[in-house]
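To keep things clear, I will list the structure first and then write my remarks on it.
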Amino acid sequence: MPHLTSTSAGATGTGLRTALGIPGYAHPLVAPAQWAELARPGTPLDWVVLNVAAGPGTRPDPHCLEAAGRLRGAGVRVLGHLDLTHGARAFADLLCDAHRHLDWYRVDGFLLDRCPTDRGALPEVRRAVTTLRAISDTAHIVLGHGTHPHPGYAENADQLVTFSGSWSDYRWSQVAEWTADYPPDRFCHFVHGVPRGHLDEALRLARWQGAATIYFTDRGGRTDPWETMPGYWDDIVSRIGTGVSE
C-alpha cells in the first residue's frame with residue numbers, strides 16, 4: 001500500500017512531518033483570495049479537496065477549473081469530493097461523479113466523505129476504492145470516516161480521517177490502539193473551534209496521536225467550519241513549516 005511522503009511539510013522534534021489537508025473551502029467565486037493563497041509557494045500542503053456542488057456538479061465550472069489548474073501548476077495535489085453518505089450512496093452514482101472529477105478537473109485522487117466505519121460495510125468500500133484505482137491508477141485515496149473505523153479500512157486507502165470534530169471533543173480524545181501499527185502519514189485530523197491560544201497544544205496532540213495530516217481552524221458554529229481559512233492561517237503555516245517543538 002503506498003504511503004504518503006510530503007516534501008513541503010515541516011519536521012517536528014520527533015521527526016514527524018506534518019502537513020495541511022484542506023477539507024474544501026467555499027466555491028472559488030465566493031472565496032477567490034483563499035484559493036489563491038493555497039497556491040502560494042512554500043505552503044505546507046498535503047492536499048486540497050475540490051467540492052464544486054456536493055461533488056463535481058453537473059457541468060464543468062470555470063471558476064473551479066481555474067482554481068484546480070492553479071493548484072496543479074503549483075504542485076499541489078487536488079482531491080475530488082465523493083460523498084458515500086455512510087454507505088447509502090449508489091455505486092453507479094459514485095462512479096459517475098469520480099469520472100466527472102477526473103475528466104473535468106483532472107483530480108489527483110479522492111476524499112470519500114461520510115465513509116462508513118463498521119466491518120460490515122468494508123467490502124463495499126473496498127469495491128469502490130478498487131474501482132477508483134482502476135480508473136486512475138495513481139489516485140490518492142482518503143477515507144473520510146471522521147472517527148476511528150474498523151482497522152480493516154486502513155488496508156484499503158492511502159489515508160484515513162480518524163477525527164473530524166470540535167476542539168472541545170478533540171482535546172479529550174484518545175487514539176485507537178491499532179493505529180500504532182501504521183505510520184503517522186496514514187492518518188488525518190480535522191478540528192474546528194480551536195482557539196488561537198491552544199494552537200500549539202492541538203498540534204502537539206495530533207503528533208502524540210500519530211496524525212501527520214491536519215487541519216485546525218478557529219471557525220465553528222452552525223455554518224460549515226471548513227469553508228473559510230482560520231483567522232490564524234499565517235500562524236499555523238509558520239508553525240508547520242518550521243516544525244513544532246516539544
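All values below come from the heavy atoms of this structure, side chains included, with hydrogens, waters and symmetry mates left out.
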Q) Below 4.5 Å, heavy atoms only, C-beta onward: do Val78 and Tyr105 meet side chain to side chain? A) no
Q. Rounded to the nearest 0.5 Å, what separation is found between the OH atom of Tyr25 and the CD atom of Glu37?
A. 8.5 Å
(Q) Which label fits Tyr215 and Trp233: parallel for a plane angle under 30°, tilted from 30 to 60°, or perpendicular past 60°? (A) tilted
Q) Should Val161 and Val175 be regarded as members of a common hydrophobic cluster, given that ILVMFWY residues are connected when their side-chain heavy atoms come within less than 4.5 Å of each other, either directly or indirectly? A) no
Q: Mind running side-chain contact (heavy atoms from CB on, under 4.5 Å) on Val49 and Trp226 for me, showing each step along the way?
A: CA-CA 11 Å; Val49 174; Trp226 319 122; over 6 Å; no
(Q) Looking at every heavy atom in both Pro225 and His192, which two are closest together, and how far apart are they? (A) CB-CB, 3.5 Å
Q.
I need the single residue from Leu45, Thr213, Asp46, Val48 that forms a side-chain contact (heavy atoms from CB on, under 4.5 Å) with Leu20. Which is it?
A. Leu45
Q: Go through the structure and list residues passing salt bridge (charged side-chain N to carboxylate O under 4.0 Å, His left out) with Asp97, not counting sequence neighbours.
A: Arg89
Q. Is there a side-chain contact between Val30 and Glu227 (heavy atoms, below 4.5 Å)?
A. no
(Q) Tell me every residue that passes side chain to side chain donor-acceptor pair (under 3.5 Å) with Gln209, counting only those two or more places apart in sequence or in another chain. (A) Ser173
(Q) Quick check: closest heavy atoms across Leu122 and Tyr153, and the distance to 0.1 Å? (A) N-OH, 3.4 Å
Q | Spacing of Leu112 atom CG and Thr85 atom OG1 [to the nearest 0.5 Å] | A | 11.0 Å
Q: For residues Ala121 and Pro116, report the shortest heavy-atom separation together with the two atoms involved.
A: CB-CB, 3.5 Å
Q. Side-chain contact, heavy-atom cut-off 4.5 Å: Thr228 with Gln34?
A. yes
Q) Applying salt bridge (Lys or Arg N to Asp or Glu O under 4.0 Å), which residue pairs with at least one partner in residues 51-67 are found, sequence neighbours left out? A) Glu66-Arg70
**Q.** Test item: Thr130 and Arg126 side chains (from C-beta on) under 4.5 Å apart, heavy atoms
**A.** yes
Q: Report the distance from atom CG of Leu94 to atom NE2 of His99, rounding to the nearest 0.5 Å.
A: 10.5 Å
Q: Output, in order, the C-alpha distance, side-chain angles, deciding distance and verdict of side-chain contact (heavy atoms from CB on, under 4.5 Å) for Met229 and Leu38.
A: CA-CA 10 Å; Met229 280 182 169; Leu38 294 177; 4.0 Å; yes
Q: Classify the angle between the aromatic ring planes of Trp178 and Tyr182 as parallel (below 30°), tilted (30 to 60°) or perpendicular (above 60°).
A: perpendicular
(Q) My understanding is that only residues two or more places apart in sequence, or in another chain, count here; which of them pass salt bridge (charged side-chain N to carboxylate O under 4.0 Å, His left out) with Arg106? (A) none
Q: Indicate yes or no: at least one non-hydrogen side-chain atom of Thr217 is less than 4.5 angstrom from one of Val194.
A: no
Q. Can Phe91 be reached from Leu143 by stepping across I, L, V, M, F, W or Y side chains whose heavy atoms are under 4.5 Å apart?
A. yes
Q) What distance separates Asn51 CG from Leu111 CG, expressed to the nearest 0.5 Å? A) 9.0 Å
Q. Is there a side-chain contact (heavy atoms from CB on, under 4.5 Å) between Arg207 and Thr18 once you walk through the steps?
A. CA-CA 8 Å; Arg207 184 174 70 253; Thr18 305; 5.7 Å; no
Q: Please say whether more than 12 non-hydrogen atoms of neighbouring residues, nucleotides or ligands are located less than 6.0 Å from CZ in Arg196.
A: yes
(Q) Using 30° and 60° as the class boundaries, would you call the ring planes of Tyr170 and Trp167 parallel, tilted or perpendicular? (A) tilted
Q.
We want to know whether His189 and Thr162 form a side-chain donor-acceptor pair, criterion being a heavy-atom distance below 3.5 angstrom.
A. yes
Q) Same cluster or not: are Ile135 and Leu50 linked, directly or through other Ile, Leu, Val, Met, Phe, Trp or Tyr residues, by side-chain heavy atoms under 4.5 angstrom apart? A) yes
Q. To the nearest 0.5 Å, what is the distance between CG (Asp158) and CZ (Arg133)?
A. 4.5 Å
Q: Rounded to the nearest 0.5 Å, what's the gap from CZ on Arg114 to OG on Ser164? Could you check?
A: 12.0 Å
Q) When you look at Ile236 and Ile214, which way does the side-chain contact (heavy atoms from CB on, under 4.5 Å) test go after all the steps? A) CA-CA 10 Å; Ile236 195 170; Ile214 59 95; 4.1 Å; yes
Q: Please report the closest heavy-atom contact between His81 and Asp113, naming both atoms and the distance.
A: NE2-OD2, 3.1 Å
(Q) Could you report the tightest heavy-atom contact between Val142 and Cys188, atom names first, then the distance? (A) CG1-SG, 4.4 Å
Q.
When you compare the side chain of Trp35 with that of Leu29, does any pair of heavy atoms fall below 4.5 Å?
A. no
Q) Are side-chain N/O atoms of Gln159 and Trp47 paired as donor and acceptor at under 3.5 Å? A) yes
Q: Report the residues that fulfil salt bridge (charged side-chain N to carboxylate O under 4.0 Å, His left out) with Arg171, sequence neighbours left out, ordered by chain and then residue number.
A: Glu201
Q: Please name all residues satisfying salt bridge (charged side-chain N to carboxylate O under 4.0 Å, His left out) with Asp218, sequence neighbours left out, ordered by chain then number.
A: none
Q: Locate the shortest heavy-atom distance separating Ala39 from Leu71; write the atom from each residue and the value.
A: N-CD2, 3.9 Å
Q) Are the side chain of Arg186 and the backbone of Leu160 linked by a donor-acceptor contact shorter than 3.5 Å? A) no
**Q.** Heavy-atom donor-acceptor pair, Thr131 side chain to Arg127 backbone, under 3.5 Å
**A.** yes
